[in-house]
Amino acid sequence: MVMIFKNFKKLRLLPICLSASVSWAVKSAVPYDRYGRFEGVGSPQYRYRIDNEAELKKSLDAGIYPNTIDHDSEQNIAKKELWRFSHVWAASPQECLKFWSSFDPARSPLPQFTEGSRQYFYAQCLERSGRLKEALKAYNAALIHFPGVLIPIEPGREVSGSPYVGVRSLDALEALTRLNPQAGLRYVGGEIQVENGFDRDLGNDILRVWPGRLLEVFPDKALVLRKDLGPLGVMETQRWPSGVSLTHYENGHWQMRFRGEPFLIRAIHYFPAPDFSPEKSTWVEKLARSLEEPEDQDSTAKKPSNFWSSGWSSDRNDNGVADIEEVIFDSNNNGRRDQGEPKMSELGLIAMAGFNTVILESLPEDDHILQEAFEKLGLRFIISESLGTDRSKPWAPWVRRVYYDDESVRRVELSQLASVVHRYANKSYLLAWSLGFSHQFMTQSARSETGMKAYLGFFKEAAQTVRREDPRHPIIAVTQDLTGLPEIAREISPVVDILGVSAYRGFYGFGESFWLALKDYWSGPVMIFDYGMPALAQGVSSKGALQLQLTAHKRAWADIARQTALGQGYGRALGGAVFEWSDQWWRQDWRSHKAALRHDDEPRGAGSAADGADYPEWYGLVSVPDFSDDGIFLRAPRPAYFYYSKMWKK
């Protein structure tokens, strides 16, 4: 059936889709218009009304709504089992398909598991089973019939990104059809606007739905980036004395350049492992000293020891060379150095994988290592100042509690910030400054309306301090995903140059909904400041978890590349930063010496892992530190490391 597009607010066809190289047979994959009506498109009253259910069922594979299984017998499913299978990526594809294809929402032991959520989970199972065309049609059905249904969230867990079945299905449709052009399907024209969707109150959300179309097309080769921006006009160019510039083109795209050449930020977070590794007896004594804190929690109190920056200079085998300067690349992960495996610095291994930028939260006392990495390896550095937002409690030794509405505390913090900026302002290796939220964590005090107002006021003072001390480099404002985006964008856009977004969205990149929201509320360039996936999940084998980590990284970077100035998206992305280089085995529980001694595999709250949890000690592209027989660090790369190495060298 040839479609006539109507009742659309807009059709956002990608530029490459309109080129002569792609042949479009504009035909709906499922003829929904023939068997029903789309009502209230673009309004909160959207719905799809089925007129001929029998014929619609015939056009759908089994399990895709409304062509679902009729249940005659009682089902007896434990609540624990239901929650387990809701984490689709942590279950085997076969078990997953069997469970969700036979699940009867009418007899569910938990009311939040509805036909809408069943359809979404079933689509994921089809995808994981390799039945891509069926999966796309299942996601399409979930979007068309159940856009406003909430994805069930297990207590203590959360859904990365939007909690709505429609938004998640739309993002999956866009990503999967783009990443798999050989499937012969394209998704176009869809959008779901969630009014009031940037706060944490789901009760005030209003959804406006444009369902888009899933089209059958001739299979095509993978879409590629443009080689240059061609004859596009330049609206403005902002330049800094350091050689960095940001160019804004007439089509709305942004591009960073360094000394006139395009510079795509391929970054990674780096934190040298503190002195002594897990299971070493001296760790307990050192940790105990570092955890000694004064009674009051004022940020002006005496700082803890430099234990957390000790990794820059520690020499565990006493051979006169810092440990991070001589690392064995254990490429086959056999625990020893084999022929052909290089020994070099950790920063050398980072550069070898194709990264050109390193984000630092911990700075060395002697910065010669940074200068050498710039001169010999071409690495540039972003110095990250969290402004006290990286934890909600002050018990971690490297974090100080900042009371954003206390003027005396603000003065001390700004003075310390100015001192750091003054020290590094003229360093040739410095690419930019970043200020704000760190990783997946954010202070509870900054989440409330009054707390956010106080924090933004302090943030503007901090940005002005950096600008005054160092007018040579751009400033990145780091935010926690899209929470509070309209207010944040309004308040900070006059004082910063780049928006850095900390986003852990799972297995579909960041999503069309993510980039569209950024486009609508932030007119400047964007950097994905940190993203990643733990190499661990409950119920998943070690090998399986590594493959899931790899999948998440592949799709995330493909999404970033699509959104750069040379991509087919909105052209706002300057690049992204992987979190992180190596597993930080000491992060899990600072308050317990026993827990800090080991590489913890217990989940810590909600997160982006396949089972919906977070494993803060398992995000590394290389595994936890280990030693060779002569006391030299071994770094065992994970599949995601090799992905970046191969992809960026093409």
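No more than 12 heavy-atom neighbours from other residues, nucleotides or ligands sit within 6.0 angstrom of NZ on Lys554.
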Could you go step by step and tell me if Tyr139 and Glu134 meet the side chain to side chain donor-acceptor pair (under 3.5 Å) rule?
CA-CA 9 Å; Tyr139 282 122; Glu134 289 179 66; over 6 Å; no
side-chain contact (heavy atoms from CB on, under 4.5 Å) between Tyr531 and Phe579, intermediate numbers included:
CA-CA 5 Å; Tyr531 68 94; Phe579 185 78; over 6 Å; no
Quick one: do Glu39 and Gln45 satisfy side-chain contact (heavy atoms from CB on, under 4.5 Å)? Show the steps, please.
CA-CA 8 Å; Glu39 300 178 347; Gln45 288 73 44; over 6 Å; no
Go through the steps to decide whether Leu574 and Leu264 satisfy the test side-chain contact (heavy atoms from CB on, under 4.5 Å), and finish with yes or no.
CA-CA 6 Å; Leu574 303 178; Leu264 176 62; over 6 Å; no
Applying side-chain contact (heavy atoms from CB on, under 4.5 Å), run through Asp61 and Arg131 and close with a yes or a no.
CA-CA 11 Å; Asp61 298 295; Arg131 296 160 62 177; over 6 Å; no
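Looking at heavy atoms from C-beta onward, Val194 lies in side-chain contact with Tyr164 at the 4.5 angstrom threshold. Residues Arg37 and Asp51 are in side-chain contact: their nearest non-hydrogen atoms beyond the backbone lie under 4.5 Å apart. Looking at heavy atoms from C-beta onward, Tyr187 lies in side-chain contact with Leu143 at the 4.5 angstrom threshold. Looking at heavy atoms from C-beta onward, Ile144 lies out of side-chain contact with Gln119 at the 4.5 angstrom threshold. Inter-residue side-chain proximity for Leu56 and Pro66 is flagged as met; some heavy-atom pair is nearer than 4.5 Å. Taking the side chain as every heavy atom from C-beta outward, Val209 and Arg47 never approach each other to under 4.5 Å. For the pair Ser513/Leu170, no side-chain contact is recorded, criterion being any heavy-atom separation below 4.5 Å from C-beta on. In this structure, the side chains of Pro639 and Leu546 come closer than 4.5 Å at one or more pairs of heavy atoms.
Salt-bridge formation is not detected for the pair Arg168/Asp171: no Lys NZ or Arg NE/NH1/NH2 atom is positioned less than 4.0 Å from an Asp or Glu carboxylate oxygen. By the 4.0 Å N-to-carboxylate-O rule, Arg128 lies too far from Glu95 to be salt-bridged with it.
In this structure, CD in Glu115 is found 9.0 Å from CZ in Phe103, a value given to the nearest 0.5 Å. The OG1 atom of Thr479 sits 7.0 Å away from atom CD1 of Ile492, with the distance rounded to the nearest 0.5 Å. Between atom SG of residue Cys125 and atom NZ of residue Lys98 there is a gap of 13.5 Å, rounded to the nearest 0.5 Å. Residue Tyr615 holds its OH atom at 8.0 Å from CG of Asp601, rounded to the nearest 0.5 Å. Taking CD1 of Ile498 as the start and CZ of Phe529 as the end, the distance is 10.5 Å to the nearest 0.5 Å. Between atom CZ of residue Phe146 and atom OG of residue Ser117 there is a gap of 9.0 Å, rounded to the nearest 0.5 Å.
Nearest heavy atoms, Ala610 versus Leu548: CB-CD1, 3.6 Å. Between Ala552 and Gly506, the shortest heavy-atom distance links the atoms CB-O, 3.8 Å. When all heavy atoms are compared, the tightest approach of Leu536 to Ala609 is O-CB, 3.8 Å. The two atoms that bring Val540 and Ala545 nearest to each other are CG1-N, 3.3 Å, heavy atoms only. Between Glu127 and Ala135, the closest heavy-atom pair is N-CB, 3.5 Å. The shortest non-hydrogen separation linking Val501 to Leu518 is CG2-CD2, 4.2 Å.
Checking side-chain atoms of Asp481 against main-chain N and O of Thr483 turns up no donor-acceptor pair under 3.5 Å. No donor-acceptor pair closer than 3.5 Å links the side chain of Tyr249 to the backbone N or O of Ala565. Remark: the backbone N or O of Tyr641 is not paired with any side-chain donor or acceptor of Ser645 at under 3.5 angstrom. A side-chain donor-acceptor contact under 3.5 Å links Gln549 to the backbone of Met533. Side chain of Arg208 to backbone of Ser43: no donor-acceptor contact under 3.5 angstrom is found. Distance alone, capped at 3.5 Å, places no donor-acceptor pair between the Ser108 side chain and the Pro105 backbone. Judged by distance alone, with hydrogens and angles left aside, the side-chain atoms of Ser28 form a donor-acceptor pair with the main-chain N or O of Val30 at under 3.5 Å. Side-chain atoms of Ser169 never come within 3.5 Å of backbone atoms of Gly166 as a donor-acceptor pair (strictly under, hydrogens ignored). In this structure, Asp201 contributes its side chain and Gly203 its backbone to a donor-acceptor pair below 3.5 Å. The main-chain N or O of Tyr65 is never found under 3.5 Å from a side-chain atom of Thr68 such that the two would form a donor-acceptor pair.
With 3.5 Å as the limit, one finds a donor-acceptor pair spanning the side chains of His553 and Tyr644. Looking at Asp559 and Tyr508, their side chains never bring a donor and an acceptor atom within 3.5 Å of each other. Using modelled atom types, one finds no donor on one side chain facing an acceptor on the other under 3.5 Å when comparing Trp89 with Asp611. In the model, His87 has no side-chain atom that pairs as donor or acceptor with a side-chain atom of Gln538 under 3.5 Å. Using a 3.5 Å distance cut-off with no hydrogens or angles, the side chains of Tyr570 and Glu512 do pair a donor with an acceptor. Using modelled atom types, one finds a donor on one side chain and an acceptor on the other under 3.5 Å when comparing Gln193 with Glu191.
Only one option out of Asp614, Asp583, Asp530 pairs with Tyr619 in a side-chain hydrogen bond (donor to acceptor under 3.5 Å, both in side chains); it is Asp614. None of Phe113, Phe99, Phe121 except one satisfies the ring pair (Phe, Tyr, Trp, His ring centres under 6.0 Å) rule with Trp83; the exception is Phe113. Only one option out of Leu215, Leu136, Leu176 pairs with Leu185 in a side-chain contact (heavy atoms from CB on, under 4.5 Å); it is Leu136.
Aromatic ring centres of Phe198 and Tyr521: separated by under 6.0 Å. Aromatic ring centres of Trp100 and Tyr120: separated by at least 6.0 Å. Taking the six-membered ring for Trp and the full ring otherwise, Tyr32 and Tyr48 have centroids separated by under 6.0 Å.
A cation-pi contact, defined as under 6.0 Å to the ring centre and within 45° of the axis, is absent between Arg572 and Trp522.
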